[in-house]
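Here's the structure, in C-alpha cells; my notes come after.
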Amino acid sequence: MSAEQHDFTRGNTFKQLVMFSAPIMLANLLQTSYQLVDSLWVGNLLGAQALGAVAVSNVLVFTVLSFVIGMNNAALTILSQQKGRSDDEGLRRYLNAFVVILSVLSIGLGVSGFFLSETLLGLIGTPESIMGRASEYLQITFLGMLFLFGYNFISTVLRALGDSKTPMRFVLVAVLLNIVLDPLFIHTFGLGVRGAAFATVLSQGLAFFYGLTHVLRKKLVPLRAPTPPAWPEVRTILNLGIPSGLQMAVISGGSAAIMSVVTNFGGDVVGGFSAAQRLDSLIMLPAQALGISVSSMAGQNIGSRNWHRVGKIARVAVSYNLAIMLLIAIFMVVFAEQAIKLFVQEGDAASFGMNYLRSIAFFYPFLGINFVLNGVVRASGAMYQVLALNLISFWLLRYPLTAIFAHLFGESGIAFGVGTSFVVSSAFAYLYYRFGKWQKKQLFEEPLTR
C-alpha cells in the first residue's frame with residue numbers, strides 16, 4: 001500500500017477524517033476556482049455574449065457530469081468495499097469493468113454530443129445571437145469527454161483506496177494549466193470562445209495523462225490491460241451508477257424549481273439570490289468533502305463488516321460537520337454584507353442577498369448532516385434509497401416549503417423555507433440511517449476475504 005493510502009478499518013477515526021477530508025476540501029475549492037477563472041477570462045476578454053454562450057453550454061456539460069458523478073459514486077462504493085474486504089482480485093476485476101464501461105460511455109457521449117450540439121442547445125432555448133459560439137464551445141468540450149471522465153475517475157479510485165492527497169495534485173495541475181492556457185488560446189491565438197474550450201480540454205487532458213502516468217509509475221492502483229468485463233460486474237456497476245446519476249438530475253431540477261419561486265419577486269431578488277448561491281458553493285465545500293470522505297471510510301469498513309466502526313465514523317463526522325458549519329455560519333452572519341458585495345453592488349439586490357445569508361446561516365449545519373449520513377448510506381450501495389431521500393429533500397420539502405414561506409412572508413420567507421427544509425430533510429436522513437435496512441445491502445456474492 002502506498003504511503004498516501006490509508007486503511008480506515010483501524011486507527012484514530014477523528015484524525016483520519018480530518019487528514020483525509022482536508023485535501024478533498026481543497027481539491028473542491030480548486031475545482032470551483034477553475035470554473036471561476038474560466039468565466040473571468042471569457043467575460044473580460046470576449047464580453048457578455050461570449051460568457052453567455054459558455055454558460056449555456058455548461059448547462060449541458062453539467063448534465064453529462066451527472067453521469068460522471070454517478071459512476072464515480074458507484075466506483076467509490078464498490079472499490080472501497082473491495083479494499084475493506086482485502087479482495088485484490090475483486091478490486092482488479094471491478095477496476096477493469098469501470099475502465100471499459102467509462103471508456104465506451106465517454107466515447108459514445110463525446111461523438112453523439114459533437115454531432116447533436118446545436119440540437120441540444122436548441123432544446124434549452126439558446127438565443128440565436130449566441131448559438132454559433134455556444135455550439136462551437138460545446139462541440140470541442142464533447143471531443144474532450146474521455147479526458148473529463150478519466151481525470152475524475154482516477155481521483156475517485158485513489159480516494160476509494162484511502163488516498164486524497166494525490167488527486168488534489170491532479171486538480172491543481174488542471175487549474176494552473178487552465179489559468180495559463182485560457183488567455184493564450186482566447187486572446188494570443190485569437191480563437192475566442194473556441195480557445196476557452198480548447199484550453200479546458202487540453203488542461204484536463206494533460207492532468208489526466210499526468211495522473212495516469214503517475215499512478216502507473218508508482219503502482220498506486222492495480223490496473224491491467226482492459227478486457228471485456230463479466231456481466232456480474234457490469235450489472236453491479238449499473239445498478240449503483242444509474243440511480244446515483246439520477247440523484248444529480250433531481251438536485252438540478254430541484255434547484256431550478258426553487259429559482260422559479262425566486263423569480264416571482266423581480267430582478268433585484270434574483271440578483272441577490274444568485275450572489276448568495278455563488279457563496280453557497282463555497283460554504284458547502286466542507287460538508288461535501290465530509291460526504292465523500294465518509295463514503296470511502298465507511299465503505300472500507302462495510303466491506304470488512306465492521307459495523308461498530310461504521311457507526312463511529314458517522315458520529316465523528318456529524319460532530320465535526322456541526323463544528324465546522326457553525327463556525328462558517330457565525331462568519332457569514334458577521335461578514336454577510338462584504339461577502340455579497342463581492343458579487344453584486346446594487347442596493348436592493350445586495351440587501352436581499354445579505355438578509356438571505358444571515359437568515360439561512362445557522363441552517364447550514366443541518367444540510368451538512370444530510371451529506372454525512374447519506375454518504376454513509378451510499379457507501380453500503382443503497383443508491384436507490386439515497387435517490388429517494390434526495391427526492392424527498394428537494395421535491396417534497398425544499399420546493400414546497402420555499403413556495404409556502406415565500407407566499408406567507410414575501411421575499412424574506414425564501415430563506416426560512418429553504419432553511420426549514422434543511423432541518424426536516426436531515427431528520428429524514430437520520431431516521432433512515434437509524435432504522436433503514438441499508439446495512440443489509442449485499443453487493444458481492446463471493447465470500448469475504450480475511
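Note that the structure is a prediction, hence the values are computed from the model and not measured. Values reported hereafter were calculated over all heavy atoms of this structure, with side chains retained and with hydrogens, waters and symmetry mates removed.
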Please check if the number of heavy atoms outside [X] that lie under 6.0 Å from its [atom1] is greater than 12.
X: Q439; atom1: CD; value: yes
X: R235; atom1: CZ; value: yes
X: Y432; atom1: OH; value: yes
X: M19; atom1: CE; value: no
X: H214; atom1: NE2; value: yes
X: E128; atom1: CD; value: no

Nearest-0.5 Å distance that lies between atom [atom1] in [X] and atom [atom2] in [Y]:
X: N73; Y: S295; atom1: CG; atom2: OG; answer: 7.0 Å
X: S425; Y: I392; atom1: OG; atom2: CD1; answer: 9.5 Å
X: L91; Y: D87; atom1: CG; atom2: CG; answer: 8.0 Å
X: L279; Y: I328; atom1: CG; atom2: CD1; answer: 11.5 Å
X: S117; Y: L143; atom1: OG; atom2: CG; answer: 8.5 Å
X: M25; Y: L285; atom1: CE; atom2: CG; answer: 8.0 Å

Please report whether the ring centroid of [Y] lies less than 6.0 Å from that of [X].
X: Y399; Y: F394; value: no
X: Y210; Y: F170; value: yes
X: F331; Y: F335; value: yes
X: F149; Y: F98; value: no
X: F147; Y: Y151; value: no

Non-hydrogen side-chain atoms of [X] and [Y] separated by less than 4.5 Å:
X: M325; Y: M284; answer: yes
X: F198; Y: L191; answer: yes
X: L290; Y: Y320; answer: yes
X: F20; Y: R159; answer: yes
X: I78; Y: F444; answer: yes
X: W307; Y: I302; answer: yes
X: Q247; Y: R378; answer: yes
X: S296; Y: F8; answer: yes

For [X] versus [Y], what's the shortest heavy-atom pair and its separation?
X: S421; Y: R398; answer: OG-CG, 3.3 Å
X: S103; Y: L146; answer: CA-CD1, 4.4 Å
X: P229; Y: V234; answer: CG-CG2, 3.7 Å
X: Y384; Y: N239; answer: CE1-O, 3.6 Å
X: A317; Y: V372; answer: CB-CG1, 3.5 Å
X: P243; Y: M383; answer: CG-CB, 3.6 Å

*Apply side-chain contact (heavy atoms from CB on, under 4.5 Å) to D280 and Q277, showing your working.*
CA-CA 5 Å; D280 271 356; Q277 291 299 103; 2.8 Å; yes
Would the distance check show the side chain of [X] and the main-chain N or O of [Y] forming a donor-acceptor pair, the cut-off being under 3.5 Å?
X: S106; Y: L102; answer: yes
X: N152; Y: I69; answer: no
X: T188; Y: F185; answer: no
X: S244; Y: G241; answer: no
X: S80; Y: A160; answer: no
X: S203; Y: A199; answer: yes
X: S380; Y: V377; answer: yes
X: E233; Y: Y94; answer: no

Hey, are [Y] and [X] close enough side-chain-wise for a donor-acceptor pair under 3.5 Å?
X: D163; Y: T166; result: yes
X: N301; Y: T9; result: no
X: N306; Y: S304; result: no

*Applying side-chain contact (heavy atoms from CB on, under 4.5 Å), run through Q81 and L76 and close with a yes or a no.*
CA-CA 8 Å; Q81 285 200 28; L76 194 64; over 6 Å; no
*Indicate the ring-plane relationship of Y433 and Y430, choosing parallel, tilted or perpendicular according to the 30° and 60° boundaries.*
tilted
*Test side-chain contact (heavy atoms from CB on, under 4.5 Å) on L17 and V294 and set out the steps.*
CA-CA 8 Å; L17 181 67; V294 298; 4.2 Å; yes
*Could you walk me through whether F115 and F142 pass the ring-ring contact (aromatic ring centres under 6.0 Å, His included) check?*
CA-CA 9 Å; F115 289 107; F142 271 119; over 10 Å; no
*Take R194 and Y137 through the test side-chain contact (heavy atoms from CB on, under 4.5 Å) and record every step on the way to the result.*
CA-CA 5 Å; R194 286 180 298 153; Y137 182 91; over 6 Å; no
